[in-house]
Amino acid sequence: MSLLQVRDLGKSFGGNRAVDGVSFSVAKGELLALIGPNGAGKSTTFNMVNGQLRADTGSITLDGAELIGRKPRDIWRLGVGRTFQIAETFASLTVAENVQMALLSADAQLFSLWKRAAAHKRGEALALLEQVGMAAQADRACSVLAYGDVKRVELAIALANGPRLLLMDEPTAGMAPKERNELMALTKRLVAERGLAVLFTEHSMDVVFAFADRMIVLARGRLIAQGKPAHIRDDSQVQAVYFGSGKTFEKASA
């Protein structure tokens, strides 16, 4: 059963129709990749699901609840987590404190600025860090971490509100191939363990084809293909949009 339902989504900027009648769904336990060339409407679609942009037309529902018109904060409270293309953490705080801040926010708790986050929910924070392989670095400042580890901390932060849907914007941007595969393998495991639904955008086609359960492809604001990776790999229209005639994904990555 689908958790996220997007129907006839549309958004214009001036005379430019950035997203035009896009429909798709994401089920629990599924990684759905949203791909397309530059200017395809990926970011606009992604940001409408998250509430950063308001759709002009269509519907976005999470387990039956309409998301259009809600603020990102309200959508987050409904159980939608998000990671960003450039990882967002508090560099001056420790790894554990970053996650504790997210846990406090999820509980809508406020505390004085001079009261350290280290006094709150440390056990829960360590449990989340254990899930992403960062518990051993809990007391290190985020400022000294390797970038791949910062992305793991960001993932733990995104899980702090117990999301049902996780939105991942270019999750492997700036990472080495080994780090990319490790992060996506971790995400795949968390999807299975938690029954998460994941919608992610990604430019690295090796990551997409290795880890996505399904793919949707946009071009000029419209959905041109959707299906299993093997189906998308062989789709002539997708090949033409990405590479022009005469090339395939395999040739391009060789």
Side-chain angles (χ1 to χ4, degrees), residues 26 29-38 42-43 46-47 50 80-103 125-161 163 165-194 196-217 229 232-233 242 249-254:
V26 189
E30 179 179 43
L31 274 80
L32 178 68
L34 171 60
I35 69 170
N38 290 336
K42 303 186 304 295
S43 294
F46 202 78
N47 287 330
N50 190 55
V80 179
R82 177 168 181 175
T83 66
F84 294 84
Q85 183 174 349
I86 300 175
E88 297 190 353
T89 60
F90 293 103
S92 62
L93 296 181
T94 68
V95 168
E97 286 169 346
N98 267 273
V99 180
Q100 287 168 273
M101 292 284 284
L103 288 165
L126 291 177
L128 285 172
L129 290 170
E130 182 69 35
Q131 290 185 44
V132 302
M134 287 296 294
Q137 301 193 62
D139 294 319
R140 299 186 72 198
C142 277
S143 60
V144 302
L145 297 180
Y147 188 66
D149 288 339
V150 173
K151 297 289 278 189
R152 287 174 177 262
V153 175
E154 187 193 32
L155 179 56
I157 290 169
L159 296 173
N161 66 327
L165 171 67
L166 183 60
L167 306 176
M168 304 182 76
D169 186 9
E170 301 272 349
T172 69
M175 301 177 74
K178 182 175 184 292
E179 291 178 320
R180 290 203 302 263
N181 289 328
E182 288 175 348
L183 182 69
M184 292 309 295
L186 168 62
T187 301
K188 189 97 171 178
R189 175 172 61 78
L190 291 172
V191 165
E193 290 176 357
R194 288 171 165 256
L196 283 172
V198 175
L199 173 66
F200 72 102
T201 63
E202 183 59 63
H203 278 299
S204 299
M205 289 299 100
D206 58 329
V207 168
V208 172
F209 283 108
F211 294 101
D213 296 310
R214 280 192 308 120
M215 301 164 63
I216 54 177
V217 187
I232 298 299
R233 189 189 300 274
Y242 265 96
F249 282 104
E250 289 87 351
K251 291 178 183 177
S253 60

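In this text the structure is predicted, and so the values were computed from the model without any measurement. All values below come from the heavy atoms of this structure, side chains included, with hydrogens, waters and symmetry mates left out.
Between Arg140 and Met134 there is no side-chain heavy-atom pair separated by less than 4.5 Å. Phe200 is listed as a side-chain neighbour of Met184, based on a closest heavy-atom distance under 4.5 Å. Counting heavy atoms from C-beta outward, Val208 and Pro229 have side chains that stay 4.5 Å or more apart. Under the 4.5 Å side-chain criterion, counting only non-hydrogen atoms from C-beta, Leu166 is not in contact with Val191. With contacts defined as side-chain heavy-atom distances shorter than 4.5 Å, the pair Ile35/Met205 qualifies. For the pair Leu32 and Leu34, the minimum side-chain heavy-atom distance is 4.5 Å or more. Using a 4.5 Å heavy-atom threshold, the side chains of Arg152 and Leu145 count as separate.
When all heavy atoms are compared, the tightest approach of Ala135 to Glu130 is CB-OE1, 3.3 Å. Nearest heavy atoms, Leu129 versus Ala156: CD2-CB, 4.1 Å. Here the shortest heavy-atom pairing between Ala125 and Ala96 reads CB-O, 3.9 Å. Contact between Asn98 and Phe90 at its shortest, heavy atoms only, is OD1-N, 2.7 Å. Closest non-hydrogen pair, Thr172 versus Ser204, comes out as OG1-OG, 4.0 Å. Closest of all the heavy-atom pairs between Ala33 and Ala212 is CB-CB, 3.8 Å.
The pair Arg180-Asp206 meets the salt-bridge criterion, since a charged nitrogen lies less than 4.0 angstrom from a carboxylate oxygen.
A donor-acceptor contact shorter than 3.5 Å is absent between the side chain of Arg82 and the backbone of Asp169. Remark: side-chain polar atoms of Thr94 are paired, donor with acceptor, to backbone N or O of Glu97 under 3.5 angstrom. Panel note: side chain Thr201, backbone Glu170; a donor-acceptor pair is recorded below 3.5 Å. At least one donor-acceptor pair closer than 3.5 Å links the side chain of Lys151 to the backbone N or O of Pro171.
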Item to check | Trace of the side-chain contact (heavy atoms from CB on, under 4.5 Å) decision for Val198 with Asp213 | outcome: CA-CA 10 Å; Val198 175; Asp213 296 310; over 6 Å; no
Next on the checklist: Determine whether Val95 and Cys142 satisfy the following criterion, side-chain contact (heavy atoms from CB on, under 4.5 Å), listing intermediate values before the conclusion.
Outcome noted: CA-CA 6 Å; Val95 168; Cys142 277; 4.2 Å; yes
Checklist entry - Where do Val153 and Val132 land on the side-chain contact (heavy atoms from CB on, under 4.5 Å) test, with the steps shown first? => result CA-CA 7 Å; Val153 175; Val132 302; over 6 Å; no
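For the atom pair CZ (Arg189) and CD (Gln131), the distance works out to 7.5 Å, reported to the nearest 0.5 Å. In this structure, CD1 on Ile157 lies 9.5 Å from CG on Leu103, to the nearest 0.5 angstrom. In this structure, the separation between CD on Gln137 and CG on Asp149 is 4.5 Å, given to the nearest 0.5 Å. Atom CG of Leu199 is separated from atom CG of Asn50 by 10.5 Å, given to the nearest 0.5 angstrom. The structure places OG1 of Thr187 at 9.5 Å from CG of Leu196, a figure rounded to the nearest 0.5 Å.
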